[in-house]
Amino acid sequence: MLKRNLLAAVALSSVLVAVPAFAQDKKVIAVSVPAATHGWTGGVVYHAQKAAEEIQAAFPNIEVVVKTSPSASAQVSALEDLTASGDLDALVILPFSSDELTGPVQSVADAGTFITVVDRGLTDPEIQDLYVAGDNIAVGSTTAKFLVDKLGGKGDVVVLRGIPTVIDDERIQGFQEGLEGSDINVLDIQYANWNSDEAFSLMQDYLAKYPHIDAVWANDDDMLLGVLEAIEQSGRTEIKYALGGNGMKEIIEKVMAGDPMTPIETPYPPSMIKTAIYMTAAQFNGQAPVRGTVKLDAPLITQENAEEYYFPDSPF
Amino acid sequence: MTDITAPPVREPLLQRINWVDIGPFVALVILAVAGVLINPDFLSATNITNVVTRSAFIAIIAVGATFVISSGGLDLSVGSMTAFVTGIMIMFMNSLVPSMGANAIIAGMALVLCVGALAGLFNGLIVTVGKIEPFIVTLGTMGIFRALITFMSDGGNIPLDRSLREPFRPVYYGNFIGFPIPILVSIVVALIGAFILYKTKFGRRCAAVGANEDVARFSGISVGRVRTLAFVIQGICVAIAAICYVPRLGAATPTTGQLWELQVITAVVIGGTALRGGKGRIWGTVAGAVILEMIANLMVLSNFISEYLVAAVQGVIIIIAMLVQRFSKQP
Amino acid sequence: MSAAELMVEPAPETGAASPLMRLSGLSKAYGSVTVLSDVNLDICAGEIHAIIGENGAGKSTLMRLISGHVRPTAGTIQLGGNEVSFSKPTEAEHAGIALVHQEILLADGLTVTENLFLGREQTRNGVVDDRAMERIAAERLRELGCTASPRDLVGRLPIAQRQLVQIARALLEDHRLVIFDEPTAVLTTTEVDTLLRIVRSLRDRGVAVLYISHRLNEVEALADRITVLRDGKMIGTYEASALAQEDMARLMVGRELSMLYPPKRGTSTQPPILEIEHLSVPGYVADASLVARTGEVLGLGGMIGAGRTELFEGLLGLRPAKVAQVRVDGKAVRIRSVADGVEAGIGYLTEDRKGKGLLLRERLAPNLVLTALSRIYRKPYIERKLETGELDRAVGEYDIRVRSKRLEAGQLSGGNQQKLLLAKIMMLDPKVVIIDEPTRGIDIGNKSQIYSFIDALIRAGKACIVISSELQELVGLCDRILVMRAGSIVAEFSGEEITEEAVVLAATSGKAKAVAGGELQ
């Protein structure tokens, strides 16, 4: 597995180094992502557009078209529109759902288009040329290991999970694996739908139910915002850590500022779409196409390296 | 046969009790007793205060919804409208901070009330002037408001300026004579709502329009005006809820108020107001909102309900509450 | 009442072979209130048996017992010699008993055919056979003289047509006993004639018919035997030939009905109070003009669908209309809504008191003051005391009989509802009162009271316009009558010219003799 930073650097530099050829055919890369309906997808859209601008500015021979779709069926239609309007050389897609998009992407691939799949995999991995994804299990386990370490291997934690999906399951699975072998006791795990208001309510209820809590883990930063307000309101002092995950800029700011309750963060950065676009674009500048699977690591973000993960202009 | 001209009979006390009126409160008490049995912590002052405070948003919006539903309308847009007006309010206040400082909060409150009223007016006029089913109109505006907040926030969130957080914070977290401000606000909103609905000509007309539009028209009531005003009241209630909401997390996001419309409608119906219109029951609505929040609280406090089944148990409790009401009516 | 007061002796038990249905000691009580006690009745195949009685006498309860809608608390029903006990209407239906309801119970959003066959759709190869059903529907409608098409939406039909559809539905299958509960309440003369023909043909085919009506002339014309109920008790069964209408009325009311109608006031010579010039309601009324004066009851006759109701709904902005000028008390007014009408001094009582007049699930006082809210409350808020005071006054003034003031309007009898509606309009102190079908579906005692209220308001210096499909009422009550046909006012009668024949002729044929004021157009 390649390290994310290294990989992005390689992809970026290789593109930049290559000399744009004259009179070359204009290559078209289509990017299909979900519309910005919450923080993380908002970040995806931001980074996708950023990548498109950068690439088009640097290489006149590459055109990047970004399409956002508010639902799976809309994304299918968007794919049809993209392929209908001309020959696609490459498609970078963050599928809404694996099942529904597999067929339509297959038909795009059949036309000879280079396919890059991001984040959510298709049901048939044969279709894609390149797969770029974050590591949800690592998001959970990195956080868990941090807690095991800091709490000295024992303590009581409560967990807020999101919406029943693979992403949510994997993070919880990783978290539980990370705790294995320690005496850390998970008091409760409940759904709060990746929604800050619901997380606020749930955290209040946790606080009412459990007189002693050492740490809280919300498996997404939106929820962490609600958790932090609830803790502050309760005036409870025994809670040492309240951690999140995803790399929301408000949380990164806390890490950069050395917040004692939220000293670390685990990224599941929406910028993975940017990485994928750059890696896909590289082949149109004389590079050999990158194929295979690229899993982005979920390293621990601490005060020291937080700067690298901070995008003040991104909505996320 | 409806025309029995028997001598006047004094109805026995038990029959004179209007079960529809007190039903929600009975349900509330039963739920509270069940709560204590499930987990003694339930009755702790902090927990009860938290639960009731949290229900304030839904309660306040539902008071407005009682008007809309009572007048024979329906508003599905309240959740998105909350998010939208919240976003407008925060952006407006943030922009005023340099010139006004903390006074921006007052200006923001004034603005959000106007924006809420206008948003309600917008819904109301399309329903009454355009003569389109309120369900469809507000389904449309639900999407519009949701898209606007997503657009305004670029899909991320709109945070309240840091300098405003502390001065604004007491509006959600503060107390007045021992009661959290949001609880007091919802009581005041309900009091005003009850006064308007039960003690004014407008309230009377509102119920008449909902009970039978034709009778209202033939009685010289301007059906369109009454309906539109009900939507405006709804918009103002949404704005009041937004004022209490902003200081809680200090941000508006595209997920703010998500599915609140369903909670609001459920609260109104649990409260005893018929979905088809007619007599509205403000206090029942408030009780309904507290019931909903209490159920959610009990789900977390209980140890024996799987996290996967919470929604199902909530649904069952709501249906049972409605059935109890249905069958406790006089035959 | 002692037997001596009865003008007519009960008919002797008919020794005929066993009756189709025999009711013995049939009683019904709701809690402590007995609504029907000890009814003994034989109904024979091939007879039209009329049941008459005031509202509250127990007629509808009796019908509902027979048709399985409610179960008796005592007594038995025998059908064809066997005791039967229906627990629901469909069981009675399967036993060959059909009930034509007084209220119209049809689905507005469905077509005539769909309504006729609702719950008993015909299928072919498992698929609903619309074509066959439409054919049958068309045939049945034709037999009933109903002009509606099988594909019309019931909700778009006039009330009379809906009633015919309902009758067609009840007669769709062959039955041994057909019960008609006030079938003619909403029908006009010709439609009534058609219905009477149908009822007779049912009898001639050997069907037993139970016929409930307020209209004694219909009963007289139709019935073979008549059973009179009063206050939930059976007064007796009589051969129809032995009873004149006055006898029926006396038996029903239990007291002398001195005079149903108050004495007429004569043609008014006072200045006009309401003048309507050139009013048109697209599709209903073409260029109608009329003048109403204080001191007279102005009648508006014609068939249902002639545009009478629509004329006034148009006047009050309840439907789109064009009018050249409206003057009230000599002053030109512009009326775009009922509220404007109220302001100008026009009060309108709708013909549809349950659908458009009263909030059936609301209590009496709020109903009473609904239109007059702004009139009785100067301030924006409501004082209960004020309106309960108003209710007390209205209850006394209009003799509204209520068990409790906490009742909902829907719990009142039709007659009391009508009085409440009248009281509601009179709260506005209108100069002109327009009453659409003032006594539809209400019993004779209440009718007489309503007529006297109308007389009183004329004497109090107001004008009154009465729209009625009941010829007798129109002729008995009004001082002057306008007749509408197909959207136009075609004739005017006053004084001695007012006869049932003249009005019918003007309402139905183009050759009406133009009399006194003559044809306008």
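Any value given below was found using the heavy atoms of this structure, including those in side chains, with hydrogens, waters and symmetry copies removed. Everything numeric here is computed off the predicted structure, so don't read it as measured data. Sequence lines set the chain letters: A, B, ... in the order given, protein chains first and strands last, and positions in each chain run from 1.
Contacts between Thr41(A) and chain B at a heavy-atom distance below 4.5 Å are absent for every atom of the residue. With a threshold of 4.5 angstrom between heavy atoms, Phe151(B) does not approach chain A through any atom at all. Neither the backbone nor the side chain of Ala251(B) comes within contact range of chain A, judged by heavy atoms closer than 4.5 Å. Interface remark: Asp188(A) contributes side-chain atoms only to the contact with chain B (heavy atom separation under 4.5 Å). When heavy atoms are compared at a cutoff of 4.5 Å, Arg169(B) approaches chain A solely by way of its side chain, counted from C-beta outward. Neither the backbone nor the side chain of Thr46(B) has a heavy atom closer than 4.5 Å to any heavy atom of chain A. When heavy atoms are compared at a cutoff of 4.5 Å, Asp41(B) approaches chain A solely by way of its side chain, counted from C-beta outward. Contact annotation for Asn157(B): both backbone and side-chain heavy atoms come within less than 4.5 Å of a heavy atom of chain A. For chain B, the nearby parts of Ile189(A) are the backbone and the side chain; heavy atoms of each come within less than 4.5 Å. When heavy atoms are compared at a cutoff of 4.5 Å, Tyr245(B) approaches chain A solely by way of its side chain, counted from C-beta outward. The part of Ser302(B) that comes within reach of chain A is its backbone (N, CA, C, O), which places non-hydrogen atoms under 4.5 angstrom from that chain. Looking at Tyr46(A), neither its backbone nor its side chain comes within 4.5 Å of chain B, counting heavy atoms on both sides.
Evaluation of the salt bridge (Lys or Arg N to Asp or Glu O under 4.0 Å) test over residues 76-86 of chain B, restricted to residues two or more places apart or in two chains, returns none.
In this structure the side chain of Leu207(A) never reaches within 4.5 angstrom of the side chain of Asn47(B), judged on heavy atoms. Within the 4.5 Å cutoff, no side-chain heavy atoms of Leu259(B) are placed close to those of Glu198(A). Annotation: side chain of Asn297(B) is not in contact with side chain of Gln204(A) (no heavy-atom distance under 4.5 Å). At a threshold of 4.5 Å between non-hydrogen side-chain atoms, the residues Asn193(A) and Thr255(B) do not count as touching.
Tyr210(A) contributes atom OH, which lies 8.5 Å from atom CG of Leu301(B) (distance to the nearest 0.5 angstrom). Rounding to the nearest 0.5 angstrom, the gap separating the CD atom in Gln49(A) from the CG atom in Asp154(B) is 8.5 Å. The distance from the CG atom of Asp197(A) to the CD atom of Gln258(B) is 10.0 Å, given to the nearest 0.5 Å.
Checked for salt-bridge contact, Glu229(A) and Arg165(B) miss the test: no charged N lies under 4.0 Å from a carboxylate O.
Looking only at heavy-atom pairs under 4.5 Å with chain B, the residue among Ala208(A), Ser201(A), Gly42(A) that has the most is Ser201(A).
Within a 6.0 Å sphere centred on OH of Tyr173(B), other residues, nucleotides and ligands contribute more than 12 heavy atoms. The number of heavy atoms from other shown groups lying within 6.0 Å of NZ (Lys67(A)) does not exceed 12. The environment of CD in Glu307(A) is sparse: at most 12 heavy-atom neighbours from other residues, nucleotides or ligands sit within 6.0 Å.
When every heavy atom of Val300(B) is checked against every heavy atom of Gln190(A), the shortest pair comes out as CA-NE2, 4.3 Å. The two residues Leu249(B) and Ser196(A) have their closest heavy-atom pair at CD1-CB, 3.4 Å.
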Hey, mind stepping through Met299(B) and Asp205(A) against side-chain contact (heavy atoms from CB on, under 4.5 Å) and telling me if it holds?
CA-CA 9 Å; Met299(B) 291 301 108; Asp205(A) 292 346; over 6 Å; no
Does the pair Glu253(A) and Arg162(B) meet the rule for a salt bridge (charged side-chain N to carboxylate O under 4.0 Å, His left out), with working shown?
CA-CA 13 Å; Glu253(A) 281 166 13; Arg162(B) 274 179 207 290; 3.6 Å; yes
